[in-house]
Amino acid sequence: MTSRLVMKFGGTSVADLERIRRVARLVAAEVRAGHKVAVVVSAMSGKTNELVAWTDTAGRAAEGLTPSDDEYDAVVASGEQVTAGLLAKVLRHDGLDARSWMGWQIPILTDDAHGSARIEDISPDALGASIDGGTIAVIAGFQGVTRSGRLATLGRGGSDTSAVAIAAALRAIRCDIYTDVDGVYTTDPRIEQRARRIPKISYEEMLEMASLGAKVLQTRSVEMAMAHRVLVRVLSSFTEPGEADPDNSGTIVCAEEEIVEKRIVSGVAYSRDEAKITLYGVPDHPGVSSKIFSGLADANVNVDMIVQSHARTANTANMEFTVGRRDAARALEIVRGHQAEIGFEDVACDEHVAKVSVVGVGMRSHTGVAKTMFSALAERGVNIQVISTSEIKISVLIDEAYTELAVRALHAAYGLQDG
Ligand code: ADP
Ligand code: ASP
Ligand code: MG
């Protein structure tokens, strides 16, 4: 049996017809190399933002209504339908056999969490038979269908997850994620020009990098790759076929055992999507945290970093925690609604914070990583507001204005830069 390959192209890679033609050349080269190819495409860059803005206006999201319902999905999923059809047309024009597939035609079944639906099942039979028969599949990313037959989207950046899920379902030899950078870097190359491409990164590290803000892969796509052991490669779509050395370009995301060179710190990630809520004068007795956080959990507000410190007055504490910036207003409202029951004195919200993190599997066995981080930040006068750690990462919350300074300082402190 010849090998099946999944190729995914992000928004900048299909931004106009010229780029779609280049994508077609990259796909054709893989077909010539003997692969049975399924291609997953994103909407043209900027398109999804435009569609989201339209639904916001139509649905008055600004007034606090949840924007993600089934009609939101019907609108925002449309960008991928356009690029899937266009790429299939260009491939046919080039003399190749190709057809487009929407999520519901495969079908890609999801739960009904509109706006950030999870893939529950993919039926690979018709799709697999079609590509094995020599027809290139061009699949609209980011979308699926619920069991009740409604369109659903997979959350921003969700085409990565579509691609990995399809690769798992098709038992593809690899999932190639083509984007506007030629791999995963030690930090966002838009912030630090001396960032280096990482030739191989473990699923665990990539999962932390993605969930801590490195948007090069959607977090769920890495979870899915790890669970199904899908070999993922991140590479640039801005080269012509044959220009890049296929064995030596991009970043391979794979199991830790397959990586020989292990660094203590592999990368630095940042997220500006943060807000900090502080509760002052919280009664210091059992059950209080449970009251605070169960109200937020019931409303599906994700809480990330948490610290509690004793206040000067006896029997009270201050509690600080972070939520996604988009959830800040809602979180504040929920906490205020429970003020009498919880019994805190006052609450404040700071939306000008950022989380900067260092990630590396080597932290499991090396000490001193935190010390290096804290002294590098102290030398630059960056104040740390909250700290959180896990086995392979350390995150700090800082004033948003210092994000770039902190990222560059940490990148240098761990010797990650080029040259
Ligand atoms: P696509 O549209 O192809 O899905 P994205 O914009 O979602 O592309 O992801 C690619 C971008 O991710 C890059 O342009 C880069 O700025 C950003 N990025 C953030 N962190 C990293 C990192 N560590 N390595 C590579 N790219 C990163
Ligand atoms: N077009 C969608 C977005 O911009 C999905 C994706 O590109 O992965 O979020
Ligand atoms: Mg993306």
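Whatever order the structure lists them in is the order used to number ligands and atoms, beginning at 1.
The residues K200 and E205 are annotated as not salt-bridged, no charged nitrogen and carboxylate oxygen being separated by less than 4.0 angstrom. Using a 4.0 Å cut-off between charged side-chain N and carboxylate O, E240 and R25 make a salt bridge. Salt bridge status for D160 with K8: present, with a side-chain N to carboxylate O gap under 4.0 Å. Electrostatic pairing of E256 and R364 counts as a salt bridge here, judged by a charged N lying under 4.0 Å from a carboxylate O. A salt bridge between E18 and R21 is present, with a side-chain N of the basic residue lying under 4.0 Å from a carboxylate O of the acidic one. In summary, D180 and R190 engage in a salt bridge, as defined by a charged side-chain N under 4.0 Å from a carboxylate O. Remark: E351 does not engage R325 in a salt bridge, criterion side-chain N to carboxylate O under 4.0 Å. Contact check on R233 versus D176 returns a salt bridge, with a Lys/Arg side-chain nitrogen under 4.0 Å from an Asp/Glu carboxylate oxygen.
In terms of protein heavy-atom proximity, atom 4 (O) of ligand 1 is nearest to K8 NZ, 3.2 Å. Ranking the protein heavy atoms by distance from atom 26 (N) of ligand 1 puts V216 CB, 3.6 Å first. Given atom 25 (C) of ligand 1, the protein heavy atom at minimum distance is G183 O, 3.4 Å. Considering only non-hydrogen protein atoms, atom 2 (O) of ligand 1 sits nearest to G11 N, 3.2 Å. Here the heavy atom of the protein found nearest to atom 6 (O) of ligand 1 is R190 NH2, 4.4 Å.
Between the side chains of T153 and Q143, not a single donor N or O lies within less than 3.5 Å of an accepting N or O.
Listed by number with element, the atoms of ligand 1 under 4.0 angstrom from any heavy atom of A214 are 20 (N). Short contacts between ligand 1 and Y185, defined as distances under 4.0 Å to a heavy atom of the residue, involve ligand atoms 22 (C), 23 (N), 24 (N), 25 (C). Near D180, meaning under 4.0 Å from any of its heavy atoms, are these atoms of ligand 1: 10 (C), 11 (C), 13 (C), 14 (O). Within the listing of ligand 1, atoms 25 (C), 26 (N), 27 (C) sit less than 4.0 angstrom from a heavy atom of P189.
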Nitrogen or oxygen contacts under 3.5 Å, ligand 2 side and protein side:
from	atom 1	to	atom 2	distance (Å)
ligand 2	1 (N)	T48	OG1	2.8
ligand 2	1 (N)	E80	OE2	2.7
ligand 2	4 (O)	T48	OG1	3.4
ligand 2	4 (O)	R156	NH2	2.9
ligand 2	7 (O)	S42	OG	2.9
ligand 2	8 (O)	G157	O	3.4
ligand 2	8 (O)	G158	N	3.3
ligand 2	8 (O)	S159	N	3.0
ligand 2	8 (O)	S159	OG	3.2
ligand 2	9 (O)	R156	NE	2.7
ligand 2	9 (O)	R156	NH2	3.4
ligand 2	9 (O)	G157	N	2.8

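Ranked by closest heavy atom to atom 21 (C) of ligand 1, the top entry among D188, D160, T179 is D188. In the candidate list M209, Q218, K215, K215 is nearest to atom 7 (O) of ligand 1, counting heavy atoms.
Residue contacts with ligand 1 for V234 are absent, since no atom lies close enough (heavy atoms, distance under 4.0 Å).
Contact annotation: A269 has no heavy atom less than 4.0 Å from any atom of ligand 1.
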Without placing hydrogens or testing angles, list every side-chain donor-acceptor pair under 3.5 Å for residues 290-297, not counting sequence neighbours.
from	atom 1	to	atom 2	distance (Å)
S294	OG	S290	O	2.6

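For residues 78-100, the side-chain hydrogen bond (donor to acceptor under 3.5 Å, both in side chains) pairs, not counting sequence neighbours, are D97-T135. Residue pairs that meet the side-chain hydrogen bond (donor to acceptor under 3.5 Å, both in side chains) test with at least one member in residues 207-228, sequence neighbours left out, are T161-Q218, E208-S390.
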